[in-house]
Protein chains: 2
Amino acid sequence: MFSKACEYGIRAAVYVALQSLDGRRVSVNEIAEEIDSPIAFTAKILQQLSRSKVIHSVKGPTGGFELDRTEMDTVKLSMIVHAIDGDDIYIGCGLGLKECNANQPCPLHDKFVDIRTDLKNMLENTSLYELATGLEVGLTYLKR
Amino acid sequence: MFSKACEYGIRAAVYVALQSLDGRRVSVNEIAEEIDSPIAFTAKILQQLSRSKVIHSVKGPTGGFELDRTEMDTVKLSMIVHAIDGDDIYIGCGLGLKECNANQPCPLHDKFVDIRTDLKNMLENTSLYELATGLEVGLTYLKR
DNA sequence: CAAATAAAGGACATTTTTATCCTATTTATT
DNA sequence: AATAAATAGGATAAAAATGTCCTTTATTTG
């Protein structure tokens with residue numbers, strides 16, 4: 001569904017949000033350790049997220065990644081997916097046709113649109129804050 | 001969503017079904033031409049589908065690929081996806097966690113399950129016959 | 001100011017996916 | 001039996017995704 005990069009990206013962003021709830025800024029090393037992902041690859045992804053304004057980065061000692069409380073509400077999963085995987089999930093045809101649309105639909109078009117609309121809505125309505133608080137109260141997990 | 005191989009596989013299978021409605025057996029070359037896919041790669045995918053009993057292959061002159069009318073009803077998209085992409089779409093965690101399940105869910109688990117259930121149902125309830133007839137009456141398209 | 005810390009970024013390596021090419025096998029037709 | 005047409009399958013190539021390593025840049029602290 002999502003690329004590996006995107007999976008790591010979401011997990012990383014949720015972890016950053018979780019720690020930011022406590023006012024903690026976190027390093028790439030800590031993030032990779034806590035979400036069980038390859039360090040250097042995770043660093044690249046965090047760069048992307050930072051450039052896309054999904055999370056905030058600070059260089060130097062005591063630096064790291066963080067999000068302020070308002071951003072956690074504003075940042076939806078859709079922004080992360082878009083920053084890393086682009087908009088394939090939203091606009092692409094399920095069967096890979098270039099010119100598939102409502103006027104010239106592929107055999108799967110209508111059925112696919114339904115599912116994708118649900119996915120899109122879910123991503124656009126799910127904030128990092130929501131996911132981070134679920135983790136905080138021990139309802140969900142990020143490792144393994 | 002699906003791999004390129006799977007996209008080609010579905011398009012190829014639907015085209016085979018469409019032609020089989022008219023009792024026509026089709027060659028790899030014709031299929032690749034009609035669904036606008038790379039010939040040799042498409043041949044490999046057709047081999048997979050043939051080995052998985054999704055379509056029927058016949059060697060030699062006048063040979064090619066075909067499906068009988070009953071098979072078109074029996075063969076669902078889920079079988080094609082399973083034959084080519086395996087069951088990642090069904091069982092994998094949205095965030096790539098190995099041990100994600102209802103007891104130890106990732107932050108996205110519940111929301112993901114809903115969407116995936118819909119996708120699964122769609123794939124399991126959509127037959128090649130249904131897709132082929134849509135093409136036949138000119139409601140849908142396979143190229144571009 | 002020097003040293004240490006942490007992200008940014010470039011270059012490269014590995015793995016997986018996608019794609020091609022060539023030979024072998026099967027089979028219909030003459 | 002010979003030929004030709006078609007799929008099967010092995011070997012390889014190319015491209016994309018994933019992953020690693022090392023240097024640069026920014027910034028805090030002593």
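Computed from a predicted structure; not experimentally measured.
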In this structure, how many angstroms lie between the P atom of dA8(D) and the CD1 atom of I31(B), rounded? 10 Å
Cation-pi check, R25(A) onto F65(A) ring (under 6.0 Å, within 45° of axis): no
Grab the CD1-C1' distance between I39(A) and dA7(C) for me, whole Å please. 14 Å
Between CG of N29(A) and P of dA4(C) the distance, given in whole Å, is 18 Å
Quick one: D36(B) CG to dT18(C) P, roughly how many Å, whole number? 16 Å
In whole angstrom, give the distance that lies between atom CZ of F41(B) and atom C1' of dT7(D). 17 Å
Can you identify which nucleotide, out of dA4(D), dT25(D), dA4(C), has its nearest atom closest to the K59(A) side chain? dT25(D)
In terms of side-chain heavy atoms of K44(A), which of dG10(C), dT26(C), dA7(C) is nearest? dG10(C)
With a 4.0 Å cut-off on heavy atoms, is R25(A) in touch with a base, just the backbone sugar-phosphate, or nothing at all? nothing
Rounded to the nearest angstrom, tell me the gap between atom NZ in K4(A) and atom P in dT20(D). 13 Å
Indicate whether OP1 or OP2 belonging to dA19(C) is found under 4.0 Å from a side-chain N or O atom of Y8(B). yes
Send over the distance from H56(A) NE2 to dA8(C) C1', rounded to a whole Å. 14 Å
Reading DNA chain D from 5' onward, which residue's closest nucleotide shows up sooner: A43(B) or G60(A)? A43(B)
Going through the distances and angles, do K76(A) and E130(A) end up as a salt bridge (charged side-chain N to carboxylate O under 4.0 Å, His left out)? CA-CA 9 Å; K76(A) 312 295 183 185; E130(A) 177 184 349; over 6 Å; no
Starting at CG of L46(B) and ending at C1' of dT20(C), how long is that distance when rounded to a whole Å? 16 Å
Within the pair T62(B) and dA6(D), is there a side-chain N or O less than 4.0 Å away from OP1 or OP2? no
When you compare the side chains of S27(B) and N29(B), does any donor N or O come within less than 3.5 Å of an acceptor on the partner? no
Closest of dA4(D), dG9(D), dT5(C) to the P61(A) side chain is dT5(C)
Between E30(B) and Y15(B): side-chain donor-acceptor atoms closer than 3.5 Å: yes
Counting heavy atoms from C-beta on, name the nucleotide in dA7(C), dC21(C), dA8(D) closest to the side chain of S57(B). dA8(D)
Kindly point out which of dG9(C), dG9(D), dT20(D) is positioned nearest to the side chain of A40(A)? dT20(D)
Using a cut-off of less than 4.0 Å, is there contact between a side-chain N or O of S50(A) and OP1 or OP2 of dA8(C)? yes
Taking only side-chain nitrogens and oxygens of R51(A), does any of them come within less than 4.0 Å of OP1 or OP2 of dG9(C)? yes
Would you check if there is a donor-acceptor pair between the side chains of K111(B) and T126(A) at a distance under 3.5 Å? yes
5'-most by nearest nucleotide on DNA chain C - Q47(A) or G63(A): G63(A)
